[in-house]
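Here is the structure we will look at.
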Amino acid sequence: SQQGEEDPQALSIQEGENATMNCSYKTSINNLQWYRQNSGRGLVHLILIRSNEREKHSGRLRVTLDTSKKSSSLLITASRAADTASYFCATDRTGANNLFFGTGTRLTVIP
Amino acid sequence: EAQVTQNPRYLITVTGKKLTVTCSQNMNHEYMSWYRQDPGLGLRQIYYSMNVEVTDKGDVPEGYKVSRKEKRNFPLILESPSPNQTSLYFCASRTSSDREGYTFGSGTRLTVV
């Protein structure tokens with residue numbers, strides 16, 4: 001069963017614009033993680049935010065977490081064509097020893 | 001280089017012919033896991049292992065077996081593959097800490113005809 005649901009399913013923007021993706025989940029979590037996947041390739045870990053954190057930054061990435069709403073957002077600033085990929089949120093659920101993925105957001109950055 | 005290595009990268013096989021997909025990590029990670037990825041369904045966990053000789057079922061374990069005899073290796077075994085196991089498979093690992101993300105392999109694209 002999937003924990004996360006990303007919104008939107010697909011997003012197309014111009015290079016230089018910001019991209020925002022949202023994720024909702026259903027149960028208590030230890031942490032929430034964001035991953036990137038280039039077409040058919042392995043997933044690359046981008047950032048992890050713990051349940052007691054509200055915001056985290058890494059380079060051009062900004063992640064927020066609202067545990068009361070069971071939601072998270074990933075903001076990519078000043079997007080580049082190389083950011084074109086699918087982005088997944090994944091939840092490390094309290095009491096479980098596995099990671100549950102959403103269905104992803106397909107981001108296209110147009111040069 | 002720290003990595004998770006899966007083999008083979010691509011595999012086409014026939015129904016019922018036993019196969020093994022290997023997974024090896026060089027980071028001394030305790031935790032390893034297998035996922036399958038299917039269009040519209042996202043990634044679903046098949047099996048995971050907390051450490052040597054400790055394995056447990058994920059969301060979709062039917063038709064699969066795993067073993068963890070060594071810390072670095074976590075092979076996925078399909079005793080009698082069926083066409084519904086055609087998928088993209090990923091192995092992943094992480095430390096025992098919940099402060100770190102997972103490292104994924106490059107994937108194995110399996111086709112069962």
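The sequence lines fix the lettering, A, B, ..., with proteins before strands; numbering per chain opens at 1. Since the structure is predicted, the reported quantities are computational estimates derived from the model, not experimental observations.
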Exceeds 12 heavy-atom contacts within 6.0 angstrom, atom [atom1] of [X]:
{"X": "B:Lys71", "atom1": "NZ", "answer": "yes"}
{"X": "B:Ile12", "atom1": "CD1", "answer": "no"}
{"X": "B:Arg9", "atom1": "CZ", "answer": "yes"}

Do [X] and [Y] sit in one hydrophobic cluster, given that two such residues count as connected whenever their side-chain heavy atoms are within less than 4.5 Å of each other, even indirectly?
{"X": "B:Leu110", "Y": "B:Leu43", "result": "no"}
{"X": "B:Tyr64", "Y": "B:Trp34", "result": "yes"}
{"X": "B:Leu88", "Y": "B:Phe74", "result": "no"}
{"X": "B:Leu11", "Y": "B:Val4", "result": "no"}
{"X": "A:Trp34", "Y": "A:Ile76", "result": "yes"}

So which of B:Met50, B:Arg99, B:Arg109 has the biggest tally of heavy-atom pairs under 4.5 Å with chain A?
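Answer, by heavy-atom pair count under 4.5 Å with chain A: B:Arg99.
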Do [X] and [Y] touch side chain to side chain, with heavy atoms closer than 4.5 Å?
{"X": "B:Tyr31", "Y": "A:Asn98", "answer": "yes"}
{"X": "A:Phe100", "Y": "B:Asp59", "answer": "yes"}
{"X": "A:Gln37", "Y": "B:Phe90", "answer": "yes"}
{"X": "A:Phe88", "Y": "B:Gln37", "answer": "yes"}

Do any N or O atoms from the side chain of A:Tyr35 and from the backbone of B:Gly101 form a donor-acceptor pair under 3.5 angstrom?
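Here the side-chain-to-backbone pair does not exist.
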Is it the case that the side chain of B:Tyr35 and the backbone of A:Phe101 share a donor-acceptor pair, with hydrogens and angles ignored and the cut-off at 3.5 Å?
no
At their closest point, which heavy atom of B:Glu100 faces which heavy atom of A:Gln33, and how far apart are they?
O-NE2, 4.1 Å
Which of residues 42-62 of chain A get closer than 4.5 angstrom to chain B, counting heavy atoms alone?
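When heavy atoms of chain B are the reference, residues 42-62 of chain A contributes A:Gly42, A:Leu43, A:His45, A:Leu48, A:Arg50 within the under-4.5 Å range.
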When A:Asp92, A:Asn31, A:Leu99, A:Asn30 are compared by non-hydrogen pairs under 4.5 Å with chain B, the top option:
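Among A:Asp92, A:Asn31, A:Leu99, A:Asn30, the one with the most close pairs to chain B is A:Leu99.
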Residues two or more places apart in sequence or in another chain: which of them pass side chain to side chain contact (heavy atoms under 4.5 Å, CB included) with B:Thr15?
B:Pro83, B:Val112
